[in-house]
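This report concerns only the one structure given below.
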Amino acid sequence: MSIDMLPPGSTAAEKGEEAPFRGLVRAFFRSPGAVFGVSLLAIIVGLALFAPLVAPQNPYDLNQLDIMDSRLPPGSQSMTGMTFWLGTDDQGRDMLSGIIYGLRISLGVGVSSALFAALFGASLGLIAAYAGGRTEAAIMRIVDLQLSFPAILVALMILAFLGKGILNVVLALVIVEWATYARAARGTALVERRKEYMEAAESLAIPRWRMLFVHLLPNCLPPLIVIATVQVARAIALEATLSFLGLGVPITEPSLGLLVANGYQYMLSGMTWISFYPGVALLITVVAINLVGDRLRDVLNPRGHS
């Protein structure tokens, strides 16, 4: 839709901002992979948000679990007549319900850790780019030190000290991920700081915090949004790894990784469904997020447009 066709009363600024945004949306959904990824991700998020209404059973309620229903194959029925479409685990927990509730924890940990890591890392990156000198050197040396260690090793060390728990997992993932945002924010901010609008803001004696977070940060968001999308998938996979190793979420509130770990010891006994279906759900979730992230990278990358 052209700018002239916008509703009467729209200001020139609103028209100028709305047209590029709509163009980006059209470009994003021009890819079949992006449409598939968004649709799949919408279903996953919907299942996670409305888990109490969708799931046949509350896997966290011990009163609804019966040890006599443990390790039943897919399609079995309990003595109460409930059908376990994906079977049950060693605790008698319905695997379909466990996966739906596990999505809530996996997505919650991934999104919250990526959000807090982005806030902390991007703030430090902007400060480093704007301050320069020793402040920039100190921050970036810490970033280089952080990125030199394997993420899984750092997370294992933190959780070995703090112990299990969802909040501890989120804290560990924030510590692991913040450096990526800091480096990306600094690189983008160094380019943006040399532009005329920043020089104009400095000549008007605008407070530094306002220049950083009102003028500089919005122009650094496109690469940070792409990184955040990818980091959500990475955080979900890393949380699953930590839970599989026994240092993630508690067993009373299993995530997808812990559900996979619960069935690992039964794989050679032919009870593959206990680990297989949560693993498939984890794979589909990560793939859906990566599809969206890859398309965002293509759309928001100015070098990809002629």
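Sequence positions, counted from 1, serve as the residue numbers for this chain.
- Every residue meeting the side-chain contact (heavy atoms from CB on, under 4.5 Å) condition with T135, not counting sequence neighbours, appears here in chain and number order: I127, A131, I139.
- The two residues I99 and L259 make their nearest non-hydrogen contact at N-CD1, 3.8 Å.
- In this structure, the side chains of I274 and R71 come closer than 4.5 Å at one or more pairs of heavy atoms.
- The main-chain N or O of N58 is found under 3.5 Å from a side-chain atom of Q64 such that the two form a donor-acceptor pair.
- Looking at P223 and L300, their side chains never come closer than 4.5 Å, going by heavy atoms from C-beta outward.
- For the pair V35 and R30, the minimum side-chain heavy-atom distance is 4.5 Å or more.
- A distance of 11.0 Å separates CD1 of I100 from CG of L256, quoted to the nearest 0.5 Å.
- Note on V292: it clusters hydrophobically with L107, by side-chain heavy-atom contacts below 4.5 Å among ILVMFWY residues.
- Proximity of L96 to P56: side-chain heavy atoms (C-beta onward) are separated by under 4.5 Å at one or more points.
- In the displayed structure, F276 atom CZ is contacted under 6.0 Å by at most 12 heavy atoms of other residues, nucleotides or ligands.
- With hydrogens and angles ignored, the 3.5 Å screen pairs a side-chain donor or acceptor of S97 with a backbone N or O of Q57.
- The side-chain hydrogen bond (donor to acceptor under 3.5 Å, both in side chains) search around E253 returns none, not counting sequence neighbours.
- A donor-acceptor contact shorter than 3.5 Å links the side chain of S275 to the backbone of V260.
- The two residues L65 and P59 come nearest to each other via the heavy atoms CD1-O, 3.9 Å.
- The two atoms that bring G248 and K164 nearest to each other are O-CB, 3.4 Å, heavy atoms only.
- Taking R93 as the reference, D89 meet the salt bridge (charged side-chain N to carboxylate O under 4.0 Å, His left out) condition, with sequence neighbours excluded.
- Between the CD1 atom in I105 and the CD1 atom in I166 there is a gap of 4.5 Å [rounded to 0.5 Å].
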* Any chance you could lay out the side chain to side chain contact (heavy atoms under 4.5 Å, CB included) test for L245 and L156, step after step, and finish with the verdict? => CA-CA 9 Å; L245 296 175; L156 284 173; 4.0 Å; yes
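- By the rule that hydrophobic residues join a cluster once side-chain heavy atoms approach within less than 4.5 Å of another member, L173 and V143 end up as members of separate clusters.
- Between A122 and L224, the closest heavy-atom pair is CB-CD1, 3.9 Å.
- Without hydrogens or angle criteria, R193 side chain to Y130 main chain gives a donor-acceptor distance under 3.5 Å.
- Between atom CG of residue D294 and atom CD1 of residue I289 there is a gap of 12.0 Å, rounded to the nearest 0.5 Å.
- L86 places none of its side-chain heavy atoms less than 4.5 Å from the side chain of W273.
- Looking only at side-chain heavy atoms (C-beta outward), T180 and Q231 come within less than 4.5 Å of each other.
- Linking Ile, Leu, Val, Met, Phe, Trp and Tyr whenever their side-chain heavy atoms come within less than 4.5 Å leaves L115 and L221 in two separate clusters.
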* Chi angles and distances behind the side chain to side chain contact (heavy atoms under 4.5 Å, CB included) call for Q265, D90 -> CA-CA 10 Å; Q265 57 183 326; D90 57 345; 4.2 Å; yes
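- If you chain together ILVMFWY residues whose side-chain heavy atoms come under 4.5 Å of each other, L72 ends up grouped with M82, F84.
- Hydrophobic clustering, defined by side-chain heavy atoms of Ile, Leu, Val, Met, Phe, Trp and Tyr closer than 4.5 Å, groups L153 together with M157.
- Looking only at atom types and distance, the side chain of T188 has no donor-acceptor partner in the side chain of E192 under 3.5 Å away.
- Between the side chains of S70 and Q91, no donor-acceptor pair of N or O atoms lies under 3.5 Å.
- Side chain of S106 to main chain of L103: no donor-acceptor pair is present (N/O by atom type, distance under 3.5 Å, no hydrogens or angles).
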* Could you walk me through whether V176 and R234 pass the side chain to side chain contact (heavy atoms under 4.5 Å, CB included) test, one step at a time? => CA-CA 11 Å; V176 167; R234 182 171 180 263; 4.2 Å; yes
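- Of all heavy-atom pairs between C220 and L126, the closest is SG-CD2, 4.0 Å.
- Contacts of Y264 classified as ring pair (Phe, Tyr, Trp, His ring centres under 6.0 Å), with partners at least two apart in sequence or in another chain: F244.
- By the 4.5 Å side-chain criterion applied to Ile, Leu, Val, Met, Phe, Trp and Tyr, V230 is assigned to no cluster and stands alone.
- Note on residues 99-129: pairs passing ring pair (Phe, Tyr, Trp, His ring centres under 6.0 Å), not counting sequence neighbours, are Y60-Y101, F120-W178.
- Panel note: side chain S113, backbone G110; a donor-acceptor pair is recorded below 3.5 Å.
- Here the straight-line distance linking atom CG of L291 with atom OG of S31 works out to 8.5 Å at 0.5 Å rounding.
- Rounding to the nearest 0.5 Å gives a distance of 11.0 Å between CG of L247 and CG of L162.
- Listed by first then second residue, pairs satisfying ring pair (Phe, Tyr, Trp, His ring centres under 6.0 Å) with a partner in residues 136-177 number zero, not counting sequence neighbours.
- The two residues A129 and A189 come nearest to each other via the heavy atoms CB-CB, 3.5 Å.
- For the pair L217/L212, no side-chain contact is recorded, criterion being any heavy-atom separation below 4.5 Å from C-beta on.
- With sequence neighbours left out, R295 forms a salt bridge (charged side-chain N to carboxylate O under 4.0 Å, His left out) with no residue at all.
- Using a 4.5 Å cut-off between side-chain heavy atoms of Ile, Leu, Val, Met, Phe, Trp and Tyr, with links allowed through other members, L258 and L242 fall into the same hydrophobic cluster.
- The side-chain hydrogen bond (donor to acceptor under 3.5 Å, both in side chains) search around D144 returns R141, R183, not counting sequence neighbours.
- Within a 6.0 Å sphere centred on CG of L268, other residues, nucleotides and ligands contribute 12 heavy atoms or fewer.
- For the pair Q77/D69, no side-chain contact is recorded, criterion being any heavy-atom separation below 4.5 Å from C-beta on.
- Under the 4.5 Å side-chain heavy-atom criterion for ILVMFWY residues, no single connected hydrophobic cluster contains both L119 and I227.
- Scored by the salt bridge (charged side-chain N to carboxylate O under 4.0 Å, His left out) test, R134 finds no partners at all (sequence neighbours excluded).
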